Amino acid sequence: MTSNKYPASLLCLVLLLFGSCKIEYSFTGTTIDYNVTQSFSVDNFFNDSGGGPANMGQLFTEDLKDYFQRNTQLELIQNGGDLQLSGAITKYTITPQATVSNPNSNQPDRAGQMRITISVEVDFVNLDNEEENSKRTFSFFQDYDPRNTTLLQVETELVEVIFENIIQDVFTSTVANW
């Protein structure tokens with residue numbers, strides 16, 4: 001009677017090999033080691049642009065906190081988090097993008113499209129990995145048609161859309177390391 005020890009040895013080797021492998025992924029794309037990094041803090045972002053809605057800095061600050069809380073397991077603390085975000089809204093401009101000719105030659109041409117552009121400077125500090133510290137400016141814009149709507153009618157909605165995009169970019173460049 002002969003016994004074949006190879007299949008049992010092979011099975012043990014395969015189990016050992018796969019048992020030592022660790023695959024991690026995140027639905028949000030974060031690269032956070034929650035054993036090391038456990039908290040984050042966000043200083044108030046102030047509106048240093050000279051334009052925009054009066055509550056723009058507060059809106060950005062709260063939206064940034066909410067986004068990080070929804071998409072990470074980090075605890076929000078008031079000061080001194082393992083990850084720290086601070087900065088300011090540095091630009092708020094409204095510029096014409098397309099002109100529309102006026103059929104009446106006695107009247108000036110009008111803007112057919114206006115663009116709101118917002119820039120936010122973000123200072124990111126990672127206490128656990130100083131190589132990831134950065135200071136960057138994030139910017140995004142939205143267009144609207146002034147012939148059909150006024151700025152007052154669309155400004156709040158457009159600012160929210162712009163902030164959503166800027167916050168996604170901030171999140172991606174800080175905790176997803178893209």
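Heavy-atom basis, side chains included; hydrogens, waters and symmetry copies ignored. Just so we're clear, the structure is a prediction, and the values are computed from it rather than from any experiment.
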Do Y34 and F171 sit in the same hydrophobic cluster, where Ile, Leu, Val, Met, Phe, Trp and Tyr count as joined when their side-chain heavy atoms come under 4.5 Å apart?
-> yes
May I have all residue pairs that pass salt bridge (charged side-chain N to carboxylate O under 4.0 Å, His left out) and include part of residues 33-53, sequence neighbours excluded?
-> none
How about I94 and Y144: do any of their side-chain heavy atoms sit closer than 4.5 Å?
-> yes
Indicate yes or no: does D123 engage K135 in a salt bridge with an N to O separation below 4.0 Å.
-> no
Pairwise side-chain contact, I162 with I116, heavy-atom cut-off 4.5 Å (strictly under) | yes
Are S139 and T117 close enough that some pair of their side-chain heavy atoms sits under 4.5 Å apart?
-> yes
Looking at V42 and L76, what are the two nearest heavy atoms and their distance?
-> N-CD1, 4.5 Å
Identify the two heavy atoms, one from P53 and one from Y92, that lie closest to each other, and give their separation to 0.1 Å.
-> CD-CE1, 4.3 Å
Pairwise distance OG1(T150) to CD(Q153) - rounded to 0.5 angstrom = 3.5 Å
Measure across I118 and M56 and return the closest heavy-atom pair with its distance rounded to 0.1 Å.
-> CD1-SD, 4.1 Å
Who pairs with N126 by side-chain hydrogen bond (donor to acceptor under 3.5 Å, both in side chains), at least two apart in sequence or on another chain?
-> E132
With rounding to the nearest 0.5 Å, note down the distance linking CD1 in I89 to OG1 in T137.
-> 12.5 Å
Hey, which of F60, F45, F140, F141 is the one that makes ring pair (Phe, Tyr, Trp, His ring centres under 6.0 Å) with F163?
-> F60
Under 3.5 Å donor-acceptor, E155 side chain and L152 backbone = no
Are side-chain heavy atoms of V170 and F124 found at a separation under 4.5 Å?
-> no
N47 (side chain) donor-acceptor with G51 (main chain) under 3.5 angstrom = yes
Shortest non-hydrogen contact between T72 and F68, atoms and distance = OG1-O, 2.6 Å
State whether the side chain of S39 and the backbone N or O of D82 hold a donor-acceptor pair below 3.5 Å, judged by distance alone.
-> yes
Heavy-atom closest contact (M114 atom, P146 atom, distance) | CG-CG, 3.5 Å
Checking Y67 side chain against I167 main chain: does a donor-acceptor pair fall under 3.5 Å?
-> no
Where is the tightest heavy-atom contact between Q38 and N35, given as atom of each residue plus distance?
-> NE2-O, 3.5 Å
Answer whether the closest heavy-atom distance between the side chains of L64 and L85 falls below 4.5 Å.
-> yes
If two hydrophobic side chains count as joined below 4.5 Å and joins carry through other members, does L127 share a cluster with V175?
-> no
So with a 6.0 Å cut-off around CD of E157, is the heavy-atom count from everything else above 12?
-> no
Should L59 and F138 be counted in the same cluster of Ile, Leu, Val, Met, Phe, Trp and Tyr side chains packed under 4.5 Å apart?
-> yes
May I ask you to decide if N55's main-chain N or O and Q58's side chain share a donor-acceptor pair within less than 3.5 Å?
-> no
May I ask you to check whether D128 and T37 show a side-chain donor-acceptor distance below 3.5 Å?
-> yes
So, S134 side chain and R136 main chain: donor-acceptor pair closer than 3.5 Å or not?
-> no
Please tell me if the side chains of Q78 and S41 come closer than 4.5 Å, counting only heavy atoms from C-beta onward.
-> no
